[in-house]
Amino acid sequence: MFQVQHGAALYTYIAGAAVVSVILFFALTLVPTKLRRPLIMAVTFAAGLFYALEFFWPVSGPESDQKNFLTAYIKPFSDITTVLQSFALGLGVYSLVSIHMRKVARTQSGWAYSLVLIVSMIVMVIAHIGKEYIKSPWVHQLNDFAYSGLMKSLDATMFSIIAFYIVSAAYRAFRIRSTEATILLVSAGIIMLGQVAIGQAITNAIPNEGLTANFRVENMANWILKKVNSPAIMAIDFGLGVGGLATALRLWLSLERGSYFEEEL
Amino acid sequence: MNHATWPARVILIVISAVIVWTVIAAQRGKKLFIRRIPGLTAIDEAVGRAVEMGRGILLSSGLGGIDVVTLQALAICTNIASAAARYGTKVQMPIYEAALLPIAEDAISSAYNKAGRSDAFSSDDVRYLSNQQFAYAAGVAGMIQREQYAATFLFGTFFAESLIMAENANMVGAIQVAGTPSTTQIPFFIASCDYVIIGDEYYAATAYLTRQPTLLGSMIGQDRVKIAILVTVMLGFLLTMAKLPLVKNLFEDKDMPAASYYSPAKGGK
């Protein structure tokens with residue numbers, strides 16, 4: 001059932017999935033309001049239980065490929081999640097297009113940018129899907145121009161802007177206003193100097209052996225990173241792990257009422 | 001670790017039981033106290049500032065998909081939206097992951113309903129931007145520059161785009177509160193935002209804001225577990241120093257015969 005299908009079997013499966021989806025959709029709309037919350041709780045619990053059981057159930061087999069009776073279903077279940085999320089992409093595109101179409105139709109301020117967005121979206125869709133099915137070279141050229149020529153370059157441009165933002169953020173953070181800011185400035189200075197050759201050259205005269213080695217800038221930088229920074233991050237990760245587990249438990253067991261289930265669905 | 005080892009099974013079940021037990025105790029009316037968290041108190045301050053200035057609020061749930069981190073971000077954003085709606089302040093939320101759009105739209109609309117301002121909610125205010133990292137960042141930066149928000153709240157999973165968003169908000173003079181479990185982005189937020197919620201404070205946010213017994217119970221449960229972990233770490237340190245690597249061996253990636261857990265020769269790497 002979960003194997004890749006081809007030919008007639010593939011179309012049969014697609015049609016079957018569509019029919020089941022439509023039936024399920026109408027069945028869900030017929031569920032009485034009072035039963036909706038228990039239904040959501042049951043589905044959430046069943047979905048979470050699958051992954052919990054798969055993780056906890058004892059495994060067997062060679063060390064590199066240990067499995068239990070649920071492991072084989074992990075891939076199909078994650079495929080189902082991918083399919084469900086793909087449906088949502090349509091909603092996202094609809095949201096984006098409707099906002100910008102309205103802006104263009106009403107010629108609101110900045111409508112030309114909205115028009116550029118809609119045209120770009122159409123061109124990108126034609127180019128990207130077209131290159132798979134149309135042999136003509138212009139489709140490939142259009143795809144290269146739109147994807148590699150424009151999108152990738154624009155992505156790189158946005159990424160490179162971060163360098164300037166780092167400077168402006170660091171300037172504000174490192175201004176000596178308090179003891180904490182001073183410690184931050186000094187430790188950041190040591191780490192920066194420890195990472196570059198010119199910084200290491202400052203203390204190059206100090207022997208790299210014995211007690212004096214501790215005063216070489218690269219060793220001070222390493223000490224800050226390994227003995228101060230890493231344990232602090234590990235401690236944060238401990239707290240985050242426990243917090244994540246608690247939130248997951250609340251969601252899985254539908255104990256969460258404060259945020260999503262305050263009002264009766 | 002793809003599957004649980006025996007120690008992991010026992011430890012995870014005990015941790016889960018402690019958390020669920022404190023949640024149930026809190027739901028039954030047990031009084032619980034939580035300390036003041038400055039970053040979370042700042043949320044009210046930021047909303048108040050936006051109300052005074054008559055400008056909008058930006059909420060971002062980051063680049064995560066539908067996972068625990070993003071759902072927690074959404075829960076925080078819902079509470080902020082509710083507070084903002086109560087005072088008639090506009091809230092906008094750009095979305096990165098399309099699958100999150102209907103959930104976010106529903107949550108923010110519920111927040112407006114809860115505040116008794118369902119008429120003020122517009123579905124355009126929760127909008128999908130892009131599932132490309134820098135396209136999303138550029139979109140958010142554009143929104144910040146156009147709308148000149150008085151306050152921005154950045155909660156969720158963030159990567160390199162965090163600084164683009166935070167610095168643009170700083171340029172328009174917005175008060176910024178950020179919280180993320182992405183430890184690599186915390187320094188950037190600290191450098192560029194007014195208040196940062198660090199580590200497990202992120203998961204304490206909804207409990208702090210709503211004071212719901214369930215959430216308070218969960219938070220107290222987390223604290224008890226953290227104390228137990230701290231004690232275990234100390235115990236592990238002392239035992240390892242005494243050449244008894246029991247605790248270290250318990251956290252190995254593979255199961256081993258029971259006797260090996262006590263043995264420095266067979267246990268451990």
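Every chain is numbered from 1 and lettered A, B, ... according to where its sequence line falls, protein lines coming before strand lines.
- With a threshold of 4.5 angstrom between heavy atoms, F159(A) approaches chain B through its backbone and through its side chain.
- A donor atom on one side chain and an acceptor atom on the other are not found under 3.5 Å apart for Q176(B) and D194(B).
- Heavy-atom distances place no part of L184(A) under 4.5 Å from chain B, backbone and side chain included.
- Among G142(B), A160(B), A207(B), G221(B), the residue with the largest count of heavy-atom pairs under 4.5 Å with chain A is A160(B).
- For the set N131(B), T183(B), V126(B), the entry with the most heavy-atom pairs within less than 4.5 Å of chain A is T183(B).
- For chain B, the nearby part of T71(A) is the side chain; its heavy atoms alone come within less than 4.5 Å.
- Within residues 148-157 of chain A, the residues having any heavy atom closer than 4.5 Å to a heavy atom of chain B are M151(A), D155(A), listed by residue number.
- Taking a cutoff of 4.0 Å between a charged side-chain nitrogen and a carboxylate oxygen, E201(B) and R35(B) qualify as a salt bridge.
- A salt bridge links D65(A) with K67(A): the closest approach of a Lys/Arg side-chain nitrogen to an acidic carboxylate oxygen falls below 4.0 angstrom.
- Contacts between L91(A) and chain B at a heavy-atom distance below 4.5 Å involve backbone atoms as well as side-chain atoms.
- Between chain B and the residues T81(A), V242(A), L245(A), the most heavy-atom pairs under 4.5 angstrom are made by V242(A).
- Comparing I233(A), N68(A), I166(A) by heavy-atom pairs within less than 4.5 Å of chain B, the highest count is held by I166(A).
- Classification of the W57(A)-F69(A) ring pair by plane angle, with boundaries at 30° and 60°, yields perpendicular.
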inquiry  = Pair F50(A), F77(A) - check ring-ring contact (aromatic ring centres under 6.0 Å, His included), show working.
reply    = CA-CA 9 Å; F50(A) 169 76; F77(A) 269 75; 4.2 Å; yes

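- Contact count against chain A (heavy-atom pairs under 4.5 Å) is highest for D124(B) among D223(B), D124(B), L101(B).
- Using the six-membered ring where Trp is involved, F158(B) and F189(B) have ring planes that are perpendicular, over 60° apart on the 30 and 60° scheme.
- Of the atoms belonging to V69(B), not a single heavy atom falls under 4.5 Å from chain A.
- Of all residues spanning residues 163-173 of chain B, those with a heavy atom less than 4.5 Å away from chain A's heavy atoms are L163(B), I164(B), E167(B), N168(B), N170(B), M171(B), arranged by number.
- Residue contact with chain A, scored on non-hydrogen atoms closer than 4.5 Å, is absent for E105(B).
- Using a 4.5 Å cut-off between heavy atoms, P102(B) contacts chain A through its side chain alone, with no backbone atom that close.
- Between chain A and the residues D67(B), I198(B), V68(B), the largest count of heavy-atom pairs under 4.5 Å involves V68(B).
- Annotation for M121(A): atom CE counts as buried by contact number, over 12 foreign heavy atoms lying within 6.0 Å.
- In this structure, Y51(A) places its OH atom where more than 12 heavy-atom neighbours from other residues, nucleotides or ligands lie under 6.0 Å away.
- For Y147(A) and H128(A), the ring centers sit closer than 6.0 Å to each other.
- Contact count versus chain B (heavy atoms, under 4.5 Å) is highest, among G90(A), P58(A), A248(A), S86(A), for P58(A).
- Residue pairs meeting the side chain to side chain donor-acceptor pair (under 3.5 Å) criterion with at least one member in residues 224-246 of chain A: none, sequence neighbours excluded.
- S114(A) is linked by a side chain to side chain donor-acceptor pair (under 3.5 Å) to H100(A), counting only residues two or more places apart in sequence or in another chain.
- Counting non-hydrogen atoms of other residues, nucleotides and ligands closer than 6.0 Å to CZ of F238(A) gives a total of 12 or fewer.
- Looking at Q132(B), only its side chain comes within 4.5 Å of chain A, counting heavy atoms on both sides.
- Between chain B and the options A170(A), S95(A), A235(A), G110(A), the largest number of non-hydrogen pairs under 4.5 Å is found for S95(A).
- For the set S192(B), G217(B), C193(B), the count of heavy-atom pairs under 4.5 angstrom toward chain A peaks at S192(B).
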